[in-house]
Student: 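Supplied in structure tokens, the structure appears directly below.
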Amino acid sequence: MNLDAKNIGAYLLDLSEGRCTVEQRDEILKYLRENPKMGLSAQEQLPSLSEDFFPRYPAKTGIYAQELSRAEEQEEDVAIGW
Amino acid sequence: MVAAEYNQCVDAYSDRLYRFVLKVGASRQVANELVKNCFTSLWQQKENIGTKEVRIFLFSAAFHALHKLAKTDPDKLRPEEEVIYASQGIQRTLSEGLYTLHPVHRALLVLRDYEGSSYGELALISGLEETKVKSEIYIARKKLKRILIQSQLKA
């Protein structure tokens, strides 16, 4: 693991979501101790969005195979001048 | 993929793709058009795409279309009020905060939190490296947290 300012966020996310080995966790904690000015924490709780919105696609009938196939046929007819 | 399989994909993904596009901030009109374009593209390439690849294909097409829109015509990425205010309490603050973030951050968060996409899938959808995806999501969540704290301090 080569920790730096660009990738530390990714490893903190791995740590908080339980994807780090003990060795990796120790390395992250060491990096945070050595770089206190970054103001990052290994135990920080970060918010997530919860599903609150369930719209229905209003033009669904227009994207079924039959409709798209019909549209393709019409384009071909125009292209050959029928 | 044959026509019947394609139609099953319409049933499985059109509402979810539409929600993703609206949640990132497109108006209903733009979202309608964008979703149609993604499915038209899938239909045209159906012989080269297996049913297991469809989800990544559709969300990737929408992700890149939204990214292009953010660069060329950012005014079209102003969310509708009912999309912002669909929730209450902390989630409403987070929903409002979402639209202060860069559209790429919005898209990654919505895909992760709404669609349950893995980081590997997010890398495929966005074209970013997986570590970069995680870093960007970490930054986005930190920004949302800051917004949440500020709103709680104001209250």
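Lettering follows sequence order; numbering is per chain, from 1.
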Student: Which atom names give the shortest non-hydrogen contact between B:K142 and A:G39, and what distance separates them?
Tutor: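 What the structure gives for the nearest pair is NZ-O, 4.4 Å.
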Student: Just so I understand: if I count every heavy-atom pair under 4.5 Å between each of B:F39, B:Y119, B:Y114 and chain A, which residue has the most?
Tutor: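 So the answer, after comparing B:F39, B:Y119, B:Y114, is B:Y114.
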Student: Please state whether the side chain, the backbone, both or neither of B:K46 comes within less than 4.5 Å of a heavy atom of chain A.
Tutor: neither
Student: Using non-hydrogen atoms and a 4.5 Å limit, figure out which bit of B:I90 sits close to chain A: side chain, backbone, both or neither.
Tutor: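 When you check distances to chain A, no heavy atom of B:I90 falls under 4.5 Å.
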Student: Heavy-atom pairs under 4.5 Å with chain A: which of B:A4, B:A86, B:S135 has the most?
Tutor: B:S135
Student: Do you know which two heavy atoms are closest between B:N32 and A:Y57, and how far apart they sit?
Tutor: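 Smallest interatomic distance, heavy atoms only, reads O-OH, 2.9 Å.
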Student: Considering only NZ, NE, NH1 and NH2 on the basic side and carboxylate oxygens on the acidic side, decide whether A:D52 and B:R19 come within less than 4.0 Å.
Tutor: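 Salt bridge absent between A:D52 and B:R19.
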Student: Below 4.5 Å from any heavy atom of chain A, which atoms of B:L22 appear? Answer side chain, backbone, both or neither.
Tutor: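 Contact with chain A involves the side chain of B:L22 alone.
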Student: Is it the case that A:Y64 and B:D11 place a side-chain donor and acceptor less than 3.5 Å from each other?
Tutor: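 Yes, because at least one side-chain N or O of A:Y64 sits under 3.5 Å from a partner of the opposite role on B:D11.
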Student: With a 4.5 angstrom heavy-atom cut-off, could you sort out which part of A:E67 is near chain B: side chain, backbone, both or neither?
Tutor: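 Neither part.
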Student: Does A:E17 come within less than 4.0 Å of B:R112, counting only side-chain N to carboxylate O?
Tutor: yes
Student: If I measure from the heavy atoms of chain B, does A:S16 come under 4.5 Å with its side chain, its backbone, both, or neither?
Tutor: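 Answer is neither: A:S16 stays 4.5 Å or more from chain B.
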Student: What is the minimum heavy-atom distance between B:Y6 and A:A65, and which atoms define it?
Tutor: CE2-N, 3.5 Å
Student: Does any heavy atom of chain A fall under 4.5 Å from the side chain of B:R16, the backbone, both, or neither of them?
Tutor: neither
